[in-house]
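What follows is a set of notes on a single structure, which appears directly below.
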Amino acid sequence: MKIGFVGKGGSGKTTLSSLFIRHLATTGAPVVAVDADINQHLGPALGLDDAEAAALPPMGGHLPLIKEYLRGDNPRITSAETMIKTTPPGRGSRLLRVDEENPVYAACARPVRLDGGEIRLMATGPFTESDLGVACYHSKVGAVELCLNHLVDGAGEYVVVDMTAGSDSFASGMFTRFDMTFLVAEPTRKGVSVYRQYREYARDYGVALRVVGNKVQGPDDLEFLREQVGEDLLVTVGHSDWVRAMEKGRPPRFGALEAENRAALETLLATADAAYGVRDWERYTRQMVHFHRKNAESWGNERTGADLAAQIDPEFVLSEDAVLALPG
């Protein structure tokens with residue numbers, strides 16, 4: 001399952017995604033966690049100290065390796081240099097699986113031991129001084145989008161992405177890459193503003209969207225969220241002494257998380273798992289192709305000097321079975 005956490009800055013998006021990842025680890029499920037936010041706080045939220053978080057290899061720094069590996073023997077992709085963030089897989093491409101060893105994970109992922117299990121953590125990398133004035137952050141998350149486009153995941157396998165804050169998530173087609181999107185919203189007007197933007201895009205592209213109310217302190221907060229988001233409100237999370245301790249760098253065992261917050265995480269997991277039964281690989285592939293054509297026409301063809309529409313394999317549909325026919 002591919003699961004995205006979105007929300008405005010300061011909503012608690014990273015905290016909620018880290019709690020969900022910790023909860024998944026207790027189940028023993030294979031998990032790949034990805035920090036795609038410009039602020040890069042997921043590592044510390046999962047217990048890494050400053051040095052460990054800073055040592056995470058940036059996916060953007062390994063983009064040539066990622067492209068070369070994923071290109072495989074696909075005859076439609078003439079070189080890794082002509083691949084862009086939206087390049088879709090085709091016959092001959094290499095696909096990624098959640099629970100495997102491959103050169104992409106070896107270069108970009110690091111194991112993180114959590115209560116009850118171990119997960120893989122990947123990060124886009126921070127926005128550096130050398131990027132100022134010459135790069136946009138969306139070029140960094142392009143490595144994440146490319147990997148998601150080539151990822152085949154099954155039931156009981158999880159990829160959890162902490163997305164960039166606010167409406168920046170719409171700057172590419174990556175917001176359509178998830179089986180389930182959890183939007184974290186505070187019970188304030190600003191808190192639900194991103195929800196309204198996301199709802200419109202979600203409706204247009206068939207994105208499964210549920211709202212997680214955070215920092216809910218009483219019945220008035222709950223009523224406000226219900227008025228603003230209606231049936232999209234899935235669950236709410238209130239004050240947590242466990243989270244306060246975690247933010248100070250002194251988290252207790254995860255089993256000590258408050259019962260009501262553990263129940264909320266179980267609801268998130270059940271909701272994500274239910275999305276597996278209705279996933280549509282053909283629509284998923286069509287959306288990949290749609291955004292690739294848009295990016296090719298708007299900047300990709302000019303940037304690469306190639307007709308990137310020619311990279312599209314019209315007979316290929318990404319699916320769990322497709323990996324069997326492609327080189328590993």
Side-chain angles (χ1 to χ4, degrees), residues 1-21 23-24 31-38 42 45 85-86 98 122 124 138 141 144-145 147-149 151 153 155 157-186 191-214 225 228-237 264-281 283-288 290-291 318:
M1 303 301 296
K2 304 180 186 76
I3 302 160
F5 280 79
V6 299
K8 81 171 186 67
S11 64
K13 169 179 61 67
T14 298
T15 298
L16 264 295
S17 60
S18 71
L19 291 177
F20 185 68
I21 291 164
H23 181 63
L24 289 174
V31 179
V32 175
V34 183
D35 191 345
D37 193 352
I38 189 170
L42 184 58
K85 63 182 182 179
T86 53
V98 175
M122 305 171 74
T124 59
H138 306 122
V141 299
V144 180
E145 185 168 358
C147 287
L148 290 179
N149 281 354
L151 179 70
D153 56 306
E157 300 176 328
Y158 301 92
V159 177
V160 182
V161 183
D162 181 20
M163 294 281 282
T164 189
S167 58
D168 282 355
S169 300
F170 305 127
S172 72
M174 197 161 69
F175 75 97
T176 65
R177 302 295 84 198
F178 303 109
D179 296 289
M180 178 57 60
T181 298
F182 293 124
L183 189 147
V184 181
E186 301 168 89
V192 299
S193 61
V194 174
Y195 160 75
R196 294 195 182 96
Q197 292 176 304
Y198 232 101
R199 178 185 59 191
E200 299 305 317
Y201 284 94
R203 182 182 298 119
D204 290 343
Y205 288 95
V207 173
L209 176 68
R210 300 303 301 272
V211 174
V212 181
N214 193 30
L225 284 173
Q228 297 296 318
V229 308
E231 294 181 355
D232 285 338
L233 181 62
L234 175 65
V235 72
T236 63
V237 178
L265 295 175
E266 290 167 1
T267 298
L268 296 186
L269 179 55
T271 302
D273 283 344
Y276 177 80
V278 296
R279 60 166 41 178
D280 185 341
W281 285 107
R283 184 182 69 185
Y284 190 84
T285 305
R286 286 198 307 271
Q287 289 175 342
M288 257 195 294
H290 168 74
F291 282 104
L318 186 66

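Hydrogens, waters and symmetry mates are skipped; everything else that's a heavy atom, side chains included, is used. All figures in this text were calculated on a predicted structure; none of them were measured in a lab.
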Donor + acceptor pair across side chains of D232, Y195 (<3.5 Å): yes

Drop me the distance from [X]'s [atom1] to [Y]'s [atom2], to the nearest 0.5 angstrom.
{"X": "L225", "Y": "N214", "atom1": "CG", "atom2": "CG", "result": "10.0 Å"}
{"X": "D35", "Y": "T14", "atom1": "CG", "atom2": "OG1", "result": "6.5 Å"}
{"X": "E157", "Y": "L24", "atom1": "CD", "atom2": "CG", "result": "12.0 Å"}
{"X": "E266", "Y": "T271", "atom1": "CD", "atom2": "OG1", "result": "11.5 Å"}
{"X": "L148", "Y": "D153", "atom1": "CG", "atom2": "CG", "result": "9.0 Å"}

Pair F20 + Y158: ring centers closer than 6.0 Å: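 That pair fails the under 6.0 Å test.
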
Steps toward side chain to side chain contact (heavy atoms under 4.5 Å, CB included) verdict (V159, I3): CA-CA 6 Å; V159 177; I3 302 160; over 6 Å; no

Cation-pi check, R279 onto Y284 ring (under 6.0 Å, within 45° of axis): no

Residues in ring pair (Phe, Tyr, Trp, His ring centres under 6.0 Å) contact with F178, at least two apart in sequence or another chain: none

E231, CD: over 12 other non-hydrogen atoms inside 6.0 angstrom: no

Under 3.5 Å donor-acceptor, S11 side chain and G7 backbone: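 No, the answer is negative, given that no donor and acceptor are paired below the 3.5 Å cut-off.
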
D179 side-chain N/O to K2 backbone N/O, donor-acceptor pair under 3.5 Å: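 Judged by distance alone, yes, a pair lies under 3.5 Å.
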
Aromatic ring pairing H290/Y205, orientation class (parallel under 30°, perpendicular over 60°, tilted between): tilted

